[in-house]
2 protein chains.
Amino acid sequence: MSEDTALKLNGKLWIELNGSKLVGPGRVELLERIRDCGSIRQAALQMNMSYRQAWQMIEDMNTRLDAPVVISQRGGKGGGNAVVTEKGEMVIVEFKSFYKKFQQFLSKHSGSINL
Amino acid sequence: MSEDTALKLNGKLWIELNGSKLVGPGRVELLERIRDCGSIRQAALQMNMSYRQAWQMIEDMNTRLDAPVVISQRGGKGGGNAVVTEKGEMVIVEFKSFYKKFQQFLSKHSGSINL
DNA sequence: ATTCGTTATTCATTTCTGTATATAACGAAT
DNA sequence: ATTCGTTATATACAGAAATGAATAACGAAT
């Protein structure tokens with residue numbers, strides 16, 4: 001019954017394109033929030049992230065994939081808006097599938113650390 | 001037959017103690033090299049790492065685990081030496097076991113990215 | 001034309017990480 | 001006692017990465 005909760009297995013997971021990070025948990029959460037509130041700024045605020053960083057993440061995915069994950073407009077009603085595309089939805093679904101399996105992997109092996 | 005080798009799943013894995021990193025691939029490689037050459041400095045040189053960083057890694061593991069992973073001596077024949085303890089061997093074996101499974105996880109799922 | 005809130009972009013600042021450097025401590029061998 | 005290469009430790013420096021602030025661009029609505 002030796003339960004050592006202090007020792008655990010942990011890690012990070014991401015999808016990379018041409019050797020550098022493209023999608024991780026943070027970017028996926030950002031996409032989900034943009035989808036739900038229609039604004040990059042509001043999504044960033046919700047995540048306590050700077051707008052600058054959020055915009056850079058979106059811009060990075062938009063330019064490196066063959067189709068944009070978010071289409072945004074400035075000006076107009078509400079000052080502007082942002083919409084997650086079908087490609088963006090694919091990114092969300094695909095990564096979350098991998099990530100769930102990864103978390104299962106971690107918790108599956110986390111109990112058997114013997115140090 | 002669309003083989004998109006540019007897109008791949010990647011990640012990092014580590015063992016953490018009380019919420020902060022304790023063992024990762026770099027530290028394990030360091031331990032293995034110390035075991036093989038008997039010197040923290042030489043091991044660090046082999047890995048193109050500063051001695052300071054290598055020493056800090058060892059010191060961190062030594063102080064946070066209930067037994068040291070490396071026992072070192074200064075002075076004497078050769079100027080000093082470093083020996084990997086039984087605990088250190090356990091760290092190496094245990095982490096490498098997890099890490100191998102992790103790499104299998106990555107390569108297993110890496111082929112099915114569809115973006 | 002003015003207002004409004006957001007998108008888009010730049011610049012300076014700060015924070016973090018690791019490096020380089022220098023120095024002391026050490027003990028066996030000579 | 002001197003030499004030698006390593007361990008151990010502190011300080012200063014450099015580059016990268018994240019942050020914050022400031023500003024321009026935009027278009028619908030009034």
Side-chain angles (χ1 to χ4, degrees), chain A residues 12 14 16 19-27 29-65 68-85 87-88, chain B residues 10 12 14 16 19-65 68-85 87-88:
Chain A
K12 290 185 180 182
W14 64 85
E16 66 185 31
S20 63
K21 277 189 193 178
L22 181 72
V23 180
R27 292 186 177 197
E29 183 183 347
L30 180 64
L31 284 174
E32 290 180 309
R33 291 188 186 272
I34 291 174
R35 178 191 58 194
D36 293 347
C37 74
S39 159
I40 297 175
R41 176 170 299 276
Q42 293 309 314
L45 284 177
Q46 288 173 17
M47 293 177 67
N48 214 25
M49 175 193 306
S50 69
Y51 170 81
R52 171 195 160 92
Q53 188 177 26
W55 183 83
Q56 283 177 333
M57 287 177 172
I58 298 299
E59 196 264 351
D60 183 59
M61 290 187 282
N62 275 354
T63 56
R64 291 173 64 200
L65 283 171
V69 294
V70 169
I71 291 180
S72 55
Q73 288 177 334
R74 56 180 170 186
K77 179 175 161 185
N81 62 8
V83 179
V84 173
T85 65
K87 173 70 84 171
Chain B
N10 207 347
K12 289 186 179 182
W14 64 85
E16 67 183 31
S20 63
K21 276 189 193 177
L22 181 71
V23 181
R27 291 185 177 196
V28 166
E29 183 182 348
L30 181 64
L31 284 175
E32 289 180 310
R33 291 188 185 272
I34 291 173
R35 178 193 57 194
D36 293 346
C37 73
S39 160
I40 297 176
R41 176 168 300 275
Q42 293 308 316
L45 284 178
Q46 287 172 18
M47 294 178 66
N48 214 25
M49 175 192 307
S50 67
Y51 171 81
R52 173 193 161 90
Q53 187 178 30
W55 183 84
Q56 283 177 332
M57 287 178 172
I58 298 300
E59 196 264 352
D60 182 60
M61 290 187 282
N62 275 355
T63 56
R64 292 173 63 200
L65 285 171
V69 294
V70 169
I71 292 181
S72 55
Q73 290 179 332
R74 56 180 171 185
K77 177 174 161 187
N81 61 9
V83 179
V84 172
T85 66
K87 173 70 86 173

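Worth saying up front: this structure is predicted, and the values here are computed from it rather than measured. Chain identifiers are assigned alphabetically (A, B, ...) following the order of the sequence lines, protein sequences preceding nucleic acid strands; residue numbering begins at 1 within each chain.
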Interatomic distance, [X] [atom1] vs [N] [atom2] [rounded to whole Å]:
X	N	atom1	atom2	value
B/Ile58	D/dT9	CD1	P	14 Å
A/Met57	D/dA17	CE	P	14 Å
B/Leu45	D/dG5	CG	P	13 Å
A/Tyr51	C/dT10	OH	P	13 Å
B/Asp60	C/dG18	CG	P	12 Å
B/Ile40	D/dT9	CD1	P	11 Å
A/Met47	D/dA18	CE	P	14 Å
B/Leu30	C/dG18	CG	C1'	15 Å

So A/Glu59, base contact, sugar-phosphate only, or nothing? Heavy-atom distance under 4.0 Å.
nothing
Test log, rule side chain to side chain contact (heavy atoms under 4.5 Å, CB included), inputs B/Arg27 and B/Lys21
CA-CA 10 Å; B/Arg27 291 185 177 196; B/Lys21 276 189 193 177; 5.9 Å; no
From [X] [atom1] over to [Y] [atom2], what is the distance, rounded to the nearest 0.5 angstrom?
X	Y	atom1	atom2	result
B/Leu45	B/Ile40	CG	CD1	12.0 Å
A/Arg52	A/Glu59	CZ	CD	11.5 Å
A/Arg41	A/Ser50	CZ	OG	10.0 Å

The test is side chain to side chain contact (heavy atoms under 4.5 Å, CB included); show your working for A/Ile58 and A/Leu31 and say whether it passes.
CA-CA 8 Å; A/Ile58 298 299; A/Leu31 284 174; 3.9 Å; yes
Nucleotide nearest B/Ser72 (side chain, heavy atoms from C-beta), chosen from D/dT7, C/dT7, C/dT6:
D/dT7
Base versus backbone protein contacts along nucleotides 19-30 of chain C [heavy-atom cut-off under 4.0 Å; B, S, -]:
BB----BBBS--
For A/Glu16 versus A/Gly19, what's the shortest heavy-atom pair and its separation?
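The answer is OE2-CA, 3.9 Å.
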Looking at D/dA25, which nucleotide sits across from it as a Watson-Crick or G-U wobble partner, both distances under 3.5 angstrom, or is there none?
C/dT6
Nucleotide opposite D/dT30 in a Watson-Crick or G-U pair, distances under 3.5 Å
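Partner of D/dT30: C/dA1.
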Taking only side-chain nitrogens and oxygens of A/Ser39, does any of them come within less than 4.0 Å of OP1 or OP2 of C/dG5?
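Indeed not, no polar side-chain atom of A/Ser39 lies that close.
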Return no unless some side-chain N or O of A/Trp55 is found under 4.0 Å from OP1 or OP2 of C/dT7.
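Checking A/Trp55 against C/dT7: no side-chain N or O falls below 4.0 Å of OP1 or OP2.
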Determine, stepwise, if the pair A/Leu22 / A/Trp14 fulfils side chain to side chain contact (heavy atoms under 4.5 Å, CB included).
CA-CA 7 Å; A/Leu22 181 72; A/Trp14 64 85; over 6 Å; no
